[in-house]
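A short write-up of the structure that comes next.
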Amino acid sequence: MNKNTDSNPWAEENDAIQQLALEECAKRQRIDHSVSVLVLPAGQCKLAARFAQLDARVTVADTPERQHEIEGRILAAGHLGSIHFAATELPAPPATDSGAPYDIIVLRRGLCSLPYAQGKALIRELMRKLKIGGKLFISILGLHSELGDGYPGREQSIYERYSPLSPAMARKYEIHHEVCLYSERDLFLLLLESGASVLRTMTTTWGNVKGVAVRV
């Protein structure tokens, strides 16, 4: 397990795990020139645009109400032909999509909104949408980040942990629902119990956790 020194894990351009995903895309493109990528949620489509610049076929999954906004962003970025929108209820992947199975899936956030057992079921679902040898890149809010200050679930096992943030943290980050925060070890366990082969995990200087797993 490694440490990395992202200056700000909330900024897409400084996200080490997303950079690893882009590097993986570039490597695969040199071999077969037909890389398929799923990014969820879409965010501002910056990451999807970077994959499209590498000539990947990209699907961005997000809630139906964001479709018009996201398609506008895709058009403005000049990637209308290479980035496809698929509606879903986050953090779940789209039920059907022409891009699957994927070479790369990037789950940027949202898993913490689910209890551990449901999170494990989601990861299994994502792994089934990968090609054999395809990779999942995942970012999760960390138990040992600032969000863990005063968090009622801090002393619970990962199997039981599902609580609201402290009032101060809930106000600061506008996260008012129950969450399951993860340590790096918890993330490793999640991927392992989901049937994935874990390649690496890391903790940012802000305490959030990230991982890379492969479907075997």
Side-chain angles (χ1 to χ4, degrees), residues 9-13 15 17-18 21-22 25 34-131 134-141 147 162 164-165 170-171 173-182 190 194 196 208 210 213 215:
W10 305 104
E12 283 189 9
E13 59 270 22
D15 192 312
I17 208 71
Q18 292 183 17
L22 290 164
C25 180
S34 184
V35 176
S36 180
V37 179
L38 171 65
V39 178
L40 68 157
Q44 296 181 341
C45 292
K46 291 180 180 179
L47 180 61
R50 293 178 72 184
F51 279 120
Q53 289 167 0
L54 295 171
D55 295 324
R57 294 177 291 109
V58 187
T59 299
V60 288
D62 218 301
T63 55
E65 55 266 26
R66 290 201 64 207
Q67 180 171 358
H68 182 72
E69 171 203 344
I70 289 169
E71 289 181 343
R73 290 181 183 276
I74 294 169
L75 179 62
H79 295 298
L80 193 59
S82 52
I83 301 177
H84 165 69
F85 175 85
T88 190
E89 292 300 321
L90 295 171
T96 58
D97 186 77
S98 59
Y102 299 97
D103 294 278
I104 294 168
I105 295 177
V106 182
L107 179 59
R108 298 173 52 250
R109 63 176 186 272
L111 191 71
C112 286
S113 65
L114 303 175
Y116 180 82
Q118 292 181 27
K120 184 166 64 175
L122 171 60
I123 296 300
R124 285 177 175 164
E125 185 178 354
L126 287 170
M127 296 305 294
R128 286 194 293 268
K129 287 186 173 290
L130 283 169
K131 298 176 183 176
K135 292 182 180 179
L136 170 67
F137 297 80
I138 182 171
S139 297
I140 303 184
L141 299 175
L147 294 173
Y162 193 60
L165 298 176
R171 287 193 300 271
Y173 291 101
E174 297 185 348
I175 300 175
H176 300 289
H177 51 78
E178 292 178 309
V179 294
C180 179
L181 301 182
Y182 284 72
L190 173 75
S194 302
N208 292 314
K210 301 169 186 291
R215 180 180 180 183

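Positions are given from 1, in the same order as the sequence printed here.
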Counting only heavy atoms not in His177, do more than 12 fall under 6.0 Å of its NE2?
->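 Yes, NE2 of His177 has more than 12 neighbouring heavy atoms, counting only those of other groups under 6.0 Å.
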
Say you draw a straight line from [atom1] of [X] to [atom2] of [Y]; how long is it, rounded to the nearest 0.5 Å?
X      : Y      : atom1 : atom2 : answer
Gln53  : Ser82  : CD    : OG    : 9.5 Å
Leu111 : Ile138 : CG    : CD1   : 5.0 Å
Tyr162 : Cys112 : OH    : SG    : 10.0 Å
Cys45  : Glu71  : SG    : CD    : 9.5 Å
Arg57  : His84  : CZ    : NE2   : 11.5 Å
Leu165 : Glu178 : CG    : CD    : 10.5 Å

Side chain proximity check, [X] to [Y], heavy atoms < 4.5 angstrom:
X      : Y      : value
Glu89  : Pro64  : yes
Tyr173 : Leu141 : no
Ile74  : Val60  : yes

Would you say the side-chain atoms of Arg215 pair up with the backbone N or O of Arg128, donor to acceptor, closer than 3.5 Å?
->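 Side chain of Arg215 to backbone of Arg128: a pair is present.
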
Would you check if the side chain of Arg108 reaches a backbone N or O of Pro41 as a donor-acceptor pair within less than 3.5 Å?
->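 Yes.
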
Quick check: closest heavy atoms across [X] and [Y], and the distance to 0.1 Å?
X      : Y      : value
Gln44  : Arg73  : O-CD, 3.5 Å
Val35  : Asp103 : CA-OD2, 3.4 Å
Ala21  : Ile104 : O-CD1, 3.7 Å
Ser36  : Tyr102 : OG-CD2, 3.2 Å
Gly43  : Arg66  : O-NH2, 2.8 Å
Leu190 : Gly119 : CD1-C, 4.0 Å

Cationic N near anionic O, under 4.0 Å, Asp15 to Lys210 |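 Looking at Asp15 and Lys210, the cut-off is met.
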
Note: Glu125-Lys129 ion pair, threshold 4.0 Å (strictly below) =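 The answer is no: the pair does not qualify as a salt bridge.
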
Could you check Ile105 against Leu40 for side-chain contact (heavy atoms from CB on, under 4.5 Å), going step by step and ending with a plain yes or no?
-> CA-CA 8 Å; Ile105 295 177; Leu40 68 157; 4.0 Å; yes

Working for side-chain contact (heavy atoms from CB on, under 4.5 Å), residues Phe51 and Leu22 | CA-CA 7 Å; Phe51 279 120; Leu22 290 164; 3.8 Å; yes

Check: Ser194/Lys120 side-chain N/O donor and acceptor closer than 3.5 Å =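 Looking only at side-chain atoms, Lys120 and Ser194 do not form any donor-acceptor pair under 3.5 Å.
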
Test Pro93 against every option in Leu107, Leu38, Thr88, Thr59 by the side chain to side chain contact (heavy atoms under 4.5 Å, CB included) rule and name the one that passes.
->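 With Pro93 as partner, Leu107, Leu38, Thr88, Thr59 yield a single side chain to side chain contact (heavy atoms under 4.5 Å, CB included), made by Leu38.
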
